[in-house]
**Student:** 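I'd like to ask some things about the structure below.
Not measured: the values here are computed from a predicted model.
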Amino acid sequence: MTKLLVQTGQFRGTQRQPLRNVLIHAPTIVWVHRGHKQLWWHDAPHRYTPSDWLVVPASHYLTFVNEPDQTQFYSRTMTFHEAPPSAWIQESAEKALHAEPRVQVTPQLDYCFNALFDMSEKALSHDTQRQFLLGFYAELKHVGALHLLFPGERKSVRERLASYLSINPGDAHHIETVANHFSMSRATMVRRLNAESTSFRQVLTHVRMNYALSLMQSSRSQLDVALTCGYQSEARFSSRFKQEFGLTPRQYLKTL
């Protein structure tokens, strides 16, 4: 599998979208362009509009409502699978001033975000893409916000596993094969995930459900989404989706 540097996504809604326990498996930025996002962070409400970014480190669960306001809700996301230099993370963490996952958008950040977001359409070499990504991290470091994405250097097994599975979420992933990719035995992977209060099946389910949210932006067929996410049963997919997010796929599709 080719290593992903950045994954992008777009999310829309014409009706209110309440979602709970959405796993952010890798460092992610969410930029609302129309409407607003009401987020609960440490049991306190926070409102995000086009003037700021929601900046979330890996392995966080979000509960939020996407609100269309007077127009359609629209947001863009970027998920990062390669970290900045470790010295930058250490330096940025030492300057950490704000606990809230928010960055005010400057013209410079706007430019860097758009350049990185459009990068996937340009067929650039892997090394060139890495330089674009490094430039984006440099600007985040300049405004003192890099620590919001990368509060520490060490990646958990869950984060590494989720990043790997997200490349092809619908594949028939088997724990033995995946553990071998990480140079572990099956027993070692099970033990290390247990130590992080999760399991291989839970991580795979979270990744697939988040992938389903993305697919539904362009597909109205629940069966097609279920099959693409690796579920042979539409009923089983629907049950998992409601268990994960608190509403059924049909209810979510109606908000689009």
**Student:** Would a distance-only check, ignoring hydrogens and angles, find a side-chain to backbone donor-acceptor pair under 3.5 Å from Gln129 to Leu124?
**Tutor:**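 Answer holds: yes.
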
**Student:** Determine the minimum heavy-atom distance between Ala162 and His25, stating which atoms define it.
**Tutor:**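 Smallest interatomic distance, heavy atoms only, reads CB-CB, 3.3 Å.
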
**Student:** Can a donor-acceptor pair be found, under 3.5 Å and without considering hydrogens, that links the side chain of Ser238 to the backbone of Glu234?
**Tutor:**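 Between the backbone of Glu234 and the side chain of Ser238 there is no qualifying donor-acceptor contact (under 3.5 Å).
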
**Student:** Please say yes or no: joined through hydrophobic side-chain contacts below 4.5 Å, possibly via intermediate residues, are Leu134 and Leu146 part of one cluster?
**Tutor:**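 Yes, because Leu134 and Leu146 connect within a single hydrophobic cluster, where side-chain heavy atoms sit under 4.5 Å apart.
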
**Student:** Would you check if the side chain of Trp31 reaches a backbone N or O of Pro50 as a donor-acceptor pair within less than 3.5 Å?
**Tutor:**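 Between the backbone of Pro50 and the side chain of Trp31 there is a qualifying donor-acceptor contact (under 3.5 Å).
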
**Student:** Do Phe136 and Tyr111 land in one hydrophobic cluster if side-chain heavy atoms of ILVMFWY residues count as linked below 4.5 Å?
**Tutor:**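 No, because Phe136 and Tyr111 fall into different hydrophobic clusters, even though each may have its own neighbours under 4.5 Å.
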
**Student:** Examine Leu215 and Phe73 and state if one hydrophobic cluster contains both, with Ile, Leu, Val, Met, Phe, Trp and Tyr joined whenever side-chain heavy atoms are less than 4.5 Å apart.
**Tutor:**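 No, separate clusters.
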
**Student:** With Thr177, which of His174, His181, His173 fulfils side chain to side chain contact (heavy atoms under 4.5 Å, CB included)?
**Tutor:**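 Answer after filtering His174, His181, His173: His174.
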
**Student:** Roughly how far, to the nearest 0.5 Å, is CE of Met119 from OG1 of Thr128?
**Tutor:**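 Atom-to-atom, Thr128:OG1 and Met119:CE are 9.5 Å apart.
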
**Student:** Looking only at non-hydrogen atoms, find the nearest pair between Leu247 and Phe241 and report the distance.
**Tutor:**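 Here Leu247 and Phe241 meet closest at O-CD2, 3.2 Å.
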
**Student:** Would Lys37 and Tyr48 count as a cation-pi pair here, with the cationic atom under 6.0 angstrom from the ring centre and within 45° of the axis?
**Tutor:**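 Here Lys37 fails the 6.0 Å and 45° test against Tyr48.
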
**Student:** Can you confirm if the aromatic rings of Phe150 and Phe80 lie within a centre distance of less than 6.0 Å?
**Tutor:**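 Centroid distance Phe80-Phe150: not below 6.0 Å, so no.
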
**Student:** Does the structure place the NZ or CZ of Arg208 under 6.0 Å from the centre of the six-membered ring of Tyr231, at an angle of no more than 45° from the ring's axis?
**Tutor:**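 Cation-pi check for Arg208 and Tyr231: passes.
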
**Student:** Report yes or no: does Glu121 contribute a side-chain atom to a donor-acceptor pair with the main-chain N or O of Asp118 at less than 3.5 Å?
**Tutor:**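 Side chain of Glu121 to backbone of Asp118: no pair is present.
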
**Student:** Could you go through the side-chain contact (heavy atoms from CB on, under 4.5 Å) check for Leu62 and Leu54 one step at a time?
**Tutor:** CA-CA 11 Å; Leu62 300 185; Leu54 169 58; 4.0 Å; yes

**Student:** Mind checking the CE-OG spacing from Met209 to Ser214? Nearest 0.5 Å is all I need.
**Tutor:**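 OG of Ser214 is found 13.0 Å from CE of Met209.
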
**Student:** Only distances under 3.5 Å count here; give the side-chain donor-acceptor pairs of residues 14-22 to other protein atoms, sequence neighbours excluded, each with its distance to 0.1 Å.
**Tutor:**
{"unit_1": "Thr14", "atom_1": "OG1", "unit_2": "Thr255", "atom_2": "O", "d": "3.3"}
{"unit_1": "Gln15", "atom_1": "NE2", "unit_2": "Lys254", "atom_2": "O", "d": "2.9"}
{"unit_1": "Arg16", "atom_1": "NE", "unit_2": "Glu67", "atom_2": "OE2", "d": "2.8"}
{"unit_1": "Gln17", "atom_1": "OE1", "unit_2": "Asn66", "atom_2": "ND2", "d": "3.0"}
{"unit_1": "Gln17", "atom_1": "NE2", "unit_2": "Arg12", "atom_2": "O", "d": "3.0"}
{"unit_1": "Gln17", "atom_1": "NE2", "unit_2": "Thr255", "atom_2": "OG1", "d": "2.9"}

**Student:** Specify the closest pair of heavy atoms between Ser163 and Ser166, including all atoms of both residues, with the distance to one decimal.
**Tutor:**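 Answer, listing the atom of Ser163 first, then Ser166: O-OG, 2.8 Å.
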
**Student:** Can you tell me how far CZ of Arg250 sits from CE of Met216, rounded to the nearest 0.5 angstrom?
**Tutor:**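 Taking CE in Met216 and CZ in Arg250, the distance rounds to 10.0 Å.
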
**Student:** Look at atom NE2 of His142 and say whether more than 12 heavy atoms of other residues, nucleotides or ligands are closer to it than 6.0 Å.
**Tutor:**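 No, NE2 of His142 has 12 or fewer neighbouring heavy atoms, counting only those of other groups under 6.0 Å.
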
**Student:** Transitively linked via ILVMFWY side-chain contacts under 4.5 Å: Trp41 with Val32?
**Tutor:**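 No.
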
**Student:** Could you work out, with ring pair (Phe, Tyr, Trp, His ring centres under 6.0 Å) as the rule, every residue matching His206, not counting sequence neighbours?
**Tutor:**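 Expected list: Tyr61.
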
**Student:** Side-chain contact, heavy-atom cut-off 4.5 Å: Thr79 with His81?
**Tutor:**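 The answer is yes; the side chains approach within 4.5 Å.
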
**Student:** Out of curiosity, Leu116 CG to Leu5 CG, how far, rounded to the nearest 0.5 Å?
**Tutor:**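 Nearest 0.5 Å value for the CG-CG distance: 9.0 Å.
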
**Student:** Can you see which heavy atom on Thr205 is nearest to which on Arg240, and at what distance?
**Tutor:**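 Scanning both residues completely, I find the closest heavy atoms to be CG2-CD, 4.2 Å.
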
**Student:** Do side-chain atoms of Gln222 reach the backbone of Pro249 as a donor and acceptor pair under 3.5 angstrom?
**Tutor:**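 A pair under 3.5 Å: no.
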
**Student:** Is the backbone of Ala235 close enough, under 3.5 Å, to the side chain of Ser239 for a donor and an acceptor to pair up by distance?
**Tutor:**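 The answer is no, because no donor-acceptor pair under 3.5 Å joins these two groups.
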
**Student:** Does the ring center of Trp53 lie less than 6.0 Å from the ring center of Phe113?
**Tutor:**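 Yes; Phe113 has its ring centre under 6.0 Å from that of Trp53.
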
**Student:** Would you call Lys141 and Pro84 a side-chain contact if the rule is heavy atoms closer than 4.5 Å?
**Tutor:**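 No, every pair of side-chain atoms sits at 4.5 Å or beyond.
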
**Student:** Quick one: closest heavy-atom pair of Gly144 and His147, and the distance?
**Tutor:**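 Minimum heavy-atom contact is O-CE1, 3.1 Å.
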
**Student:** Rounded to the nearest 0.5 Å, what separation is found between the CG atom of Leu223 and the CZ atom of Phe237?
**Tutor:**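 Taking CG in Leu223 and CZ in Phe237, the distance rounds to 10.0 Å.
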
**Student:** Is the distance between the ring centroids of Trp88 and Tyr137 less than 6.0 Å?
**Tutor:**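 So the answer is no for these two rings.
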
**Student:** Between Asn194 (side chain) and Val190 (backbone), is there a donor-acceptor pair under 3.5 Å?
**Tutor:**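 Side chain of Asn194 to backbone of Val190, a donor-acceptor pair under 3.5 Å: yes, one is there.
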
**Student:** Would you say that Leu204 contacts Arg201 through its side chain, given a criterion of any heavy-atom pair below 4.5 Å between the two side chains?
**Tutor:**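 A side-chain contact under 4.5 Å exists here.
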
**Student:** Can you tell me how far CD of Glu139 sits from CG of Leu109, rounded to the nearest 0.5 angstrom?
**Tutor:**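 Answer rounded to 0.5 Å: 5.5 Å.
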
**Student:** Decide whether Phe64 and Leu23 are clustered together by the hydrophobic rule: side chain heavy atoms of Ile, Leu, Val, Met, Phe, Trp, Tyr closer than 4.5 Å, transitively.
**Tutor:**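 Phe64 and Leu23: separate clusters.
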
**Student:** What's the shortest heavy-atom distance between Phe117 and Thr77, and which atoms?
**Tutor:**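 That closest heavy-atom pairing would be CE1-O, 3.6 Å.
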
